[in-house]
Amino acid sequence: MKTLFDPKERFKKSRLFKSWRSSYPRFFNFLLSLSTREGLPVALGIFIAAGCWLSFFAIAEDYINGDPLVRADLRLSSFVQTLREPAYNQVMLFLTDLGNWQVIAVGTVVFASLLYVSRQRWWLGAFLTSVLGEQLLSQATKFAFHRERPNLDNALVPAAGSSFPSGHALVAFAFYGFIACYAVSQTKSWVLKAFIIATFTPLILGIGFSRIYLGVHWPSDVMASMALGPALVATVLTVFKLAGHPKTPPSARPMFPWFVVGTVVWLAAALALFLAHPLVAHAPHLPKINYLLVTQIEASLFNNLQRFTEDMWTCDDLIPPP
């Protein structure tokens, strides 16, 4: 039902719009197609990709300029490390193991095989582009920024290479995030869609948080990956959507049963790999503390001391042993 005053229709009939449309017909037809029901996924993909890319560049600018977001890294890392407990360590080790290249390689082979067998060529190409693009993007950004990792004396696992951005958090979106997008697109039930999102979101966030907890990444590294990962997936899906519609061919086979079976097989393989080669938390190296008597300290030395400290040591840590 049309209203008496329709801004969209009035804008289409205006001289300015007609002039622009005649000068750039393909561009304006594309913009108008985004307002239709069929063009809504493309519009949403462009919106998410643009927002995430801008967020990543904003975090990168903060790192280059040493803005407050990056200056808070040490405080946040120290606070998270005070939450360490033996039981939490095992959970975080398993989460970070889900982002290791061995587990991702197995999952990639399993999921790509299912897409190939079910003749889902569009999704297969987008999936492989997302996973391989993540690897190239991770190495390129690490080489470009070349940020040093936190003090690995306090880390629970070994780590090497540049710190910015977090490769584990980036692959969490490129792999797990893509699978979540595919699963959501394959079901029409909003309850099932919500369940899939509620399952994969904590998993992706948990992998990123585990890198901070284990002491091998700065919080801003993980935040950058949390922006770069969805930017990559949204860009890949949008480009593939513009290149060709992901219609299911007549020869395609039902995917959902195989998807469930493949997920169970992959999780079993990931758990077996973790149990066969468990990650062991290293004991952090505590700095040696030298103690002085109050009578050995001159009062004038305290005049130029900083009023704030970056350490999170408690008073118990400063009590000398008997």
Side-chain angles (χ1 to χ4, degrees), residues 30 33-34 36-50 52-53 98-99 101 103-138 169-201 203-204 207 225-226 228-270:
F30 170 73
S33 67
L34 297 181
T36 63
R37 184 175 182 180
E38 293 76 13
L40 184 60
V42 176
L44 183 61
I46 293 175
F47 176 78
I48 295 176
C52 291
W53 280 113
L98 291 178
W101 71 267
V103 177
I104 297 300
V106 173
T108 300
V109 172
V110 171
F111 190 67
S113 300
L114 291 175
L115 291 175
Y116 178 80
V117 170
S118 62
R119 299 185 177 92
Q120 304 267 351
R121 300 291 188 267
W122 189 94
W123 284 103
L124 176 60
F127 174 65
L128 294 179
T129 303
S130 178
V131 174
L132 296 178
E134 174 275 328
Q135 293 294 330
L136 296 176
L137 192 60
S138 176
L170 183 56
V171 78
F173 266 103
F175 179 74
Y176 300 102
F178 187 94
I179 293 178
C181 293
Y182 173 81
V184 168
S185 69
Q186 297 301 301
T187 179
K188 297 180 180 180
S189 173
W190 287 101
V191 175
L192 192 54
K193 291 178 185 289
F195 175 78
I196 294 171
I197 295 174
T199 301
F200 279 90
T201 300
L203 175 63
I204 295 172
I207 293 175
S225 296
M226 292 299 174
L228 190 58
L232 173 64
V233 174
T235 300
V236 170
L237 291 177
T238 302
V239 171
F240 270 75
K241 177 71 175 179
L242 293 174
H245 196 279
K247 291 183 178 180
T248 303
S251 59
R253 300 171 182 174
M255 181 63 179
F256 192 76
W258 292 103
F259 176 79
V260 175
V261 174
T263 302
V264 172
V265 172
W266 171 79
L267 287 176

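Model, not experiment: these values are computed from the prediction.
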Requested in this report: Please report the closest heavy-atom contact between F173 and M226, naming both atoms and the distance.
Outcome: CE1-SD, 3.2 Å

Query raised in the report: For E134, does its backbone N or O pair with a side-chain atom of S138 as donor and acceptor, under 3.5 Å?
Result: no

**Report entry** Heavy-atom side-chain proximity of V191 to F195 below 4.5 angstrom
**Finding:** no

Query raised in the report: Can you check side chain to side chain donor-acceptor pair (under 3.5 Å) on W53 and T235, steps first, answer last?
Result: CA-CA 10 Å; W53 280 113; T235 300; 2.9 Å; yes

Query raised in the report: Looking only at heavy atoms, what is the nearest atom pair of G99 and V171, with distance?
Result: O-CG1, 3.7 Å

Query raised in the report: Taking side chain as C-beta onward, heavy atoms only, is Y176 less than 4.5 Å from T201?
Result: no

**Report entry** Side chain S118, main chain L115, donor-acceptor under 3.5 Å
**Finding:** yes

**Report entry** Contact check, side chains of F200 and F178, non-hydrogen atoms, under 4.5 Å
**Finding:** no

Query raised in the report: With no hydrogens and no angle check, is any side-chain donor or acceptor of Y182 less than 3.5 Å from a backbone partner on F127?
Result: no

Query raised in the report: Considering all heavy atoms of both residues, which atom of A180 and which atom of I196 are nearest to each other, and what is their separation?
Result: O-CG2, 4.0 Å

Requested in this report: Scan V239, V236, V233 and name whichever one has a side-chain contact (heavy atoms from CB on, under 4.5 Å) with T129.
Outcome: V236

**Report entry** Least distance between heavy atoms, A174 atom then L232 atom
**Finding:** CB-CD2, 4.5 Å

Report task. Indicate the atoms forming the closest heavy-atom contact of A126 with F240, along with that distance. Result -> N-CE2, 3.5 Å

**Report entry** Candidate list S185, S130, C181, test side-chain contact (heavy atoms from CB on, under 4.5 Å), partner L237, passing option
**Finding:** C181

Report task. Could you tell me which non-hydrogen atom of L170 sits nearest to which non-hydrogen atom of S225, and how far apart they are? Result -> N-CB, 3.7 Å

